[in-house]
Amino acid sequence: MTQSSAEQLSGKVALVTGGARGIGLGIATVLAERGADVAICDLAQSACDEAVSDLGAAGYTILGTAADVADRDSMNRAVSNVITALGQIDILVANAGVWASDGFEDRPEYNDADWDITHSVNVRGVVHSAEAVIPHMKERGGGKIVNIASHGGRKPRGTATGRTLGLPYSVSKAGVIQWTHGLAIELAPFNINVNAVCPGELWTNMIEGIYTNRQNVTDGGSGGSVRDEYDESMRNTVPLGRGQTPRDIGHAVAFLSSDDAAEVTGQALNVNGGARMN
Amino acid sequence: MTDATNLDGAVTLITGAGRGIGQGIAEVLSERGAVIALSDLDADRAVVAADAIKVNGGNAFPFGGDTTIQESMDGLAAAVVEEFGRIDILVCNAGVIGAPGYQDRVDHTEEDWDATFGVNVKGFVHTANAVAPHMQERNAGRVINIASHGGRKPRGAKAVLGNVQAPYSVSKAAVIQWTHLLAIELAPNNITVNAVCPGTLWTPMWEAIAENRKTADPELAEFSGREVFEQSIRDRMPMGREQTPRDIGKAVAFLASDDASEITGQALNVNGGAVMN
């Protein structure tokens, strides 16, 4: 009766948006290790090709296709490409996201461009991705959608920081959580589970930008490197005392995408070392 | 390394594992390679449940134990450590819906508050108190508390069924808060603490709930308990299905494995989407 980990998702096909780097690449890697055939999409074909080459070298079946989640037609084309190439999509991981618009590293406050880009990528992108696969999943009689939100989309705690820059991002991620709840109800009659994973702080390009911003807009900081500030913050703000990794997020996605989670839907699961609790 | 599919000999203590949800958790974890210390207030029931796992090729060992008594849990933890050398995973599951006679009451009594808090809250505290020091010594461990989606915020306007279930729901909300606080307490020792919140399962507990609803609502008198249960599923479950003890076991297996090493202080509903968090 005991499965092996490579059987957890065997026979499944997964599509991971924003899968060429950061959290998305970690998710794609874990899903492949757990037996799924994995397609990734990302803005640049060159980034897709690099990830496909790396994972392909490890022996995994993987397909990369350039797509912009903020563009509905682009996402529809990507999904159609994946279905043509791999035959089906059982699992959608809507992961592609942005923190703020270009040049945010030097600003303490948000601007209109931040609201536009976080909404169009983090919210509408997740919607476009789901809408592109839903007809296919309905036709197949089931599926799994896992949205990557953020624990920043949960209720905030603490006192004023003098920086509002992160608000559009947090609001967009709260939107992803509510989208997850609502879509779960809509798709439950079709045997499609919809859940969210809320990562904490991971050392990715996004977090490096966020900590660079903190150093740039606040006085001095500790005087250490951006990475030192991040590590210090993890020790001080995370009960388990460490940041998470893209693979940690992948493990949670693998569970929610597996038959083991057939009765889990509409939920948002924090993977954040206990930094916020729900 | 363990993962959701393979717990690789992890020594797992489960309370209230003689039947219902606890038994389902024991089955699933055993199939995934855990060694099960199977505890129940009714030691005979623990023996029967352990034998059933052994027949299927699993490793399960029965223990008696009363979670409402700290000394009993201390003795249980010591016995398990003596036998297996360690406890890797603790599943606090033993729970009650109310005091005896619950089925026949519309409103709660003092005894319902005492029973639910004695077992569902203090029972979990006693069990954690007994096991945590062993885990702290080894700087590793997993604690999983079985709460309920009834411990989340209520929904809806109808309260025609009386308030007899309030003590249970309040106690399960307390389990969730206990999970949050214990997670912070034990994080420095690399011990994660999470809760699973089951939805609606056809177990001896729900048989009692169905009887109680028939007591409260004369219109339900003609229905069997199982029919009352199925109506509740149709009314409340987006996925339209009941959950099973094995569904809860599968979520526990994930949270107990290295796949969940960065998850702590969280409560996960396994309830077909009936309540969302």
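So you know, we letter chains A, B, ... as the sequences are listed, proteins then strands, and number each from 1. All heavy atoms count here, side chains included; hydrogens, waters and symmetry mates do not.
The candidate from Ile185(A), Asn270(A), Val264(A), Ile192(A) with the greatest count of non-hydrogen atom pairs under 4.5 Å with chain B is Asn270(A). For the options Met239(B), Glu185(B), Arg152(B), heavy-atom pairs under 4.5 Å to chain A are most numerous at Met239(B).
Residue Asp51(B) places its CG atom among more than 12 non-hydrogen atoms of other residues, nucleotides or ligands, all under 6.0 Å distant. In this structure, Glu137(B) places its CD atom where only 12 or fewer heavy-atom neighbours from other residues, nucleotides or ligands lie under 6.0 Å away. Within 6.0 Å of CZ on Arg157(A) lie no more than 12 heavy atoms contributed by other residues, nucleotides or ligands.
Note on Arg214(A) versus Glu229(A): no salt bridge recorded, every NZ/NE/NH1/NH2 to OD/OE distance being 4.0 Å or above. Ion pairing of Lys12(A) with Asp259(A) is present here, as a side-chain N (NZ or NE/NH1/NH2) and a carboxylate O approach within less than 4.0 Å.
With a 4.5 angstrom heavy-atom cutoff, Leu269(A) touches chain B only via side-chain atoms. Both the backbone and the side chain of Ala252(A) come within contact range of chain B, with heavy atoms under 4.5 Å apart. Residue contact with chain A, scored on non-hydrogen atoms closer than 4.5 Å, involves the backbone and the side chain of Ala251(B) alike. In this structure, chain A has no heavy atom under 4.5 Å from any part of Thr244(B). Only the backbone of Val275(B) has a heavy atom closer than 4.5 Å to any heavy atom of chain A.
Between Trp178(B) and Phe124(B), a ring centre-to-centre spacing not shorter than 6.0 Å is recorded.
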